[in-house]
Protein chains: 2
Amino acid sequence: MSDPVTRNRSRATADMVARTANVSRVAVSRAFNPHASIKPEKRDLILKVAQELNYTPDMAARSMVTGRSHLVGIIVPDVSGPWESQELDAMTTALQAEGFATLLFRTRDDLSLDETLLTYMKGFNPDSVIAYAENVRPTTLARVLDRAVPIYIGYPDEEVSEEEAAPLFDRLDVLQRDGIEQAVALMQGYGARRFAFLAGKTNSLATQSRGRMVRKILAERGLPPPILIQGDYMYDTAYRETLNQFRLGEPVDAIFAANDVGAFGAIDALRTELGLRVPQDVKVVGFDDIHQSHWKSYNLTTVKLDLTERTQALLRLILRRLKNPTSPSLTETVSTRLVVRGTVG
Amino acid sequence: MSDPVTRNRSRATADMVARTANVSRVAVSRAFNPHASIKPEKRDLILKVAQELNYTPDMAARSMVTGRSHLVGIIVPDVSGPWESQELDAMTTALQAEGFATLLFRTRDDLSLDETLLTYMKGFNPDSVIAYAENVRPTTLARVLDRAVPIYIGYPDEEVSEEEAAPLFDRLDVLQRDGIEQAVALMQGYGARRFAFLAGKTNSLATQSRGRMVRKILAERGLPPPILIQGDYMYDTAYRETLNQFRLGEPVDAIFAANDVGAFGAIDALRTELGLRVPQDVKVVGFDDIHQSHWKSYNLTTVKLDLTERTQALLRLILRRLKNPTSPSLTETVSTRLVVRGTVG
DNA sequence: TCTCAGAATGAACACGCTTTCATTCATCGT
DNA sequence: ACGATGAATGAAAGCGTGTTCATTCTGAGA
């Protein structure tokens, strides 16, 4: 009996279990493989002995022969962001339920994805890789990680050029039109005429698509095109740029933000610095519906992109591709809808 | 084709690199090990060929022989929480800088940590494990993960019983007294007399320690003991229980929350439902100083537990223990301090 | 020129596991 | 009772790497 710190007990191995239970090592392997053919009583005995010895199969050794690491690499630009962390949470939970462990990597502050990281990650042999860094090209991923098959998250509402560019990948299509249209309609219904679009990071495909969609819908409804407030998905930037827009530029009576956090910044700028009321003077709508959006101080009306739904769809694609690497490319679809709270009417 | 190496679609192996570069496979291994003795020109050649072949050493195979997986398991109850995700972000960033990859696991909704998860995680052979689930006993961790050495996060301000219980583990001591004392002093200075403590989850050591410390400091200053508002670190619960306290119980003129998110819930209950002003009618202080605390709608005065500092200290302990498993147990210390914003005076 | 220490080299082994594959065992239909 | 069928079994062959260890090479000092 040694003290807990200096104790260096080595892990139990299949050999030890086999010897203890008086069976062959192969039997131990089979006992832990549900589909292997082994006599039930024998399996029970082995599992019992294994538990006594605190034995767990070594995933590294296992992955060497099976070719499956049960690891899924996830790349996130900023784990601490509300949206990103909620996305990560949903995905990790879903992966865990399917028997995969999450291998988490964080990129630098911007959305850029350097190949050093990918190369390093490749060393761990992940069965699949999910890159939430939006600007990474699927082809880059495919080049560096020769085993992984990328999935392309597209916004088919927009021009089809992007669509044509990657027809061979699995696709997850996010239909943003419905939610955005409901949002614009609601704001217009409450008298909004002059719209601003509070954009996210310029290289984000999502923000680009949302901006184009807002412009298009405004045009369809006979409203002037939106004024661009250039944000980067962050609170501080949204706060500052909203201030600038109202002080140096033309005021608006409706702000459509590319994400919820940006909307919070805009709301706070309007209320605490500009003395304007939301929604009476300015209507605000966000995008995402993160947990914080129902906090009473904001009570944000926002376009919901259901994270559970989106994660499940993504996971379906991944698992199907993992099961059959050569099947033709698949497409899943998720939609958006407006969640009405208190920042419009 | 005459060259089977370039036509192979699967991962490049050290053997392929060796054959292509006309060197032995051992040389390839040495080229990737900085301390190995190999002629510099030879190493350069090998690294060049390796890059051309898109070769990366297989960490699974490497870990089998070295005994180091370069994996650190992290267990979090809820990745999507602001505090948890900011903690995870800091730790992942720090680990990545040290050459470790993060193996992320999520526990069920409560703080409980089931052994199935630990056993599963053990299969991946993590070099170390960080469990942010506060109620897990270090001894449980040590029992299931025979290789990992737990680090005990303690609050030495509190009674020493806990301290004695685990004197053999490495310790990270969080000194909460300074920050809490400053907070109470500030609130008292602005006229607060009747305090409430908005607690977190009951099984959280952190909230227990904070509660005891608040009680002690109030006593020292001749103030009545705090009224307990039982929360669970969540916004909704804090909102509801604060409402209950003011409607069904005795109103207070100061709320000390065990975490920032709870403080947000309390503030929103006071302002939007009870028609009270913060800080004029009720003073509120939080704990953590998460990113959201400086958002203008809250502008929360809070006790800051510096996450970077805490993460660095934790990492120092882990790395030292990894380097020398038999060295005597170490203790690192981090402190807290009040960040004054707008919810007190 | 010779000696010798230290650097460089490669064959062989080990890590812990799964998967053939050939063999034995139990079961069943006739 | 007797092959025939399928399930159960274990020996051996890897998976891709780092690490001995014995050997060869290199260069400096005498």
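Chain letters run A, B, ... following the sequence lines, proteins first, then strands; residues in each count from 1.
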Open item on the list: Are B/Y55 and B/F32 an aromatic pair, judged by ring center distance below 6.0 Å?
Closed with: yes
Measure the distance from [atom1] on [X] to [atom2] on [N] and round it to the nearest whole Å.
| X | N | atom1 | atom2 | answer |
| --- | --- | --- | --- | --- |
| A/D58 | C/dA14 | CG | P | 18 Å |
| B/R43 | C/dA8 | CZ | C1' | 12 Å |
| B/R62 | C/dC17 | CZ | P | 21 Å |
| B/K122 | C/dC17 | NZ | P | 10 Å |
| B/L45 | C/dT9 | CG | P | 11 Å |
| A/I46 | C/dT18 | CD1 | P | 12 Å |
| B/I38 | D/dC25 | CD1 | C1' | 15 Å |
| B/N125 | C/dC15 | CG | C1' | 11 Å |

Between N or O atoms, less than 3.5 Å apart, protein on one side and nucleotides 26-28 of chain D on the other: list the pairs.
none

Task: Distance-only donor-acceptor check, side chains A/D15 and A/T13, under 3.5 Å - done: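 No pair is found: no donor N or O on one side chain lies under 3.5 Å from an acceptor on the other.
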TODO: Give, for atom OG1 of A/T102 and atom CG of A/D89, the distance between the pair rounded to the nearest 0.5 Å.
DONE: 10.0 Å
Task: Distance (rounded to the nearest 0.5 Å) between A/I38 CD1 and A/N33 CG - done: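 A/I38 atom CD1 to A/N33 atom CG measures 10.0 Å (nearest 0.5 Å).
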Under 4.0 Å between a side-chain N or O of [X] and OP1 or OP2 of [N]?
| X | N | value |
| --- | --- | --- |
| B/K42 | D/dC25 | no |
| B/T66 | D/dT17 | no |
| A/S63 | C/dC17 | no |

Task: Salt bridge present between A/E332 and A/R310 (N-O < 4.0 angstrom) - done: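 Looking at A/E332 and A/R310, the cut-off is not met.
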TODO: Between D/dG10, C/dC17, D/dC15, spot the one nearest the side chain of A/S24, thanks.
DONE: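 It is D/dG10.
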- [ ] Give, ordered by number, those residues of residues 25-33 of chain A having at least one heavy-atom distance below 4.0 Å to an atom of DNA chain C; if nothing qualifies, reply none.
- [x] A/R25, A/V26, A/S29, A/N33
- [ ] Using heavy atoms to find the nearest nucleotide of DNA chain C for B/P40 and A/V65 separately, return the residue whose nucleotide is more 5′.
- [x] B/P40
Task: Donor-acceptor pair, side chain of B/K122 and main chain of A/N54, under 3.5 angstrom - done: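 Yes, B/K122 side chain to A/N54 backbone: donor-acceptor pair under 3.5 Å.
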Task: Partner of B/V129 under side-chain contact (heavy atoms from CB on, under 4.5 Å), chosen from B/L71, B/I75, B/V72, B/L103 - done: B/I75
- [ ] Would you please classify the geometry between the A/Y120 ring and the A/F105 ring as parallel, tilted or perpendicular, with 30° and 60° separating the classes?
- [x]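 Judged by the thresholds at 30° and 60°, the geometry between A/F105 and A/Y120 is perpendicular.
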Task: More than 12 heavy atoms of other groups within 6.0 Å of A/E52 CD - done: yes
TODO: Describe the nucleic acid contact of A/S37 in one word from base, sugar-phosphate, nothing, applying a heavy-atom distance below 4.0 Å.
DONE: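 Base contact.
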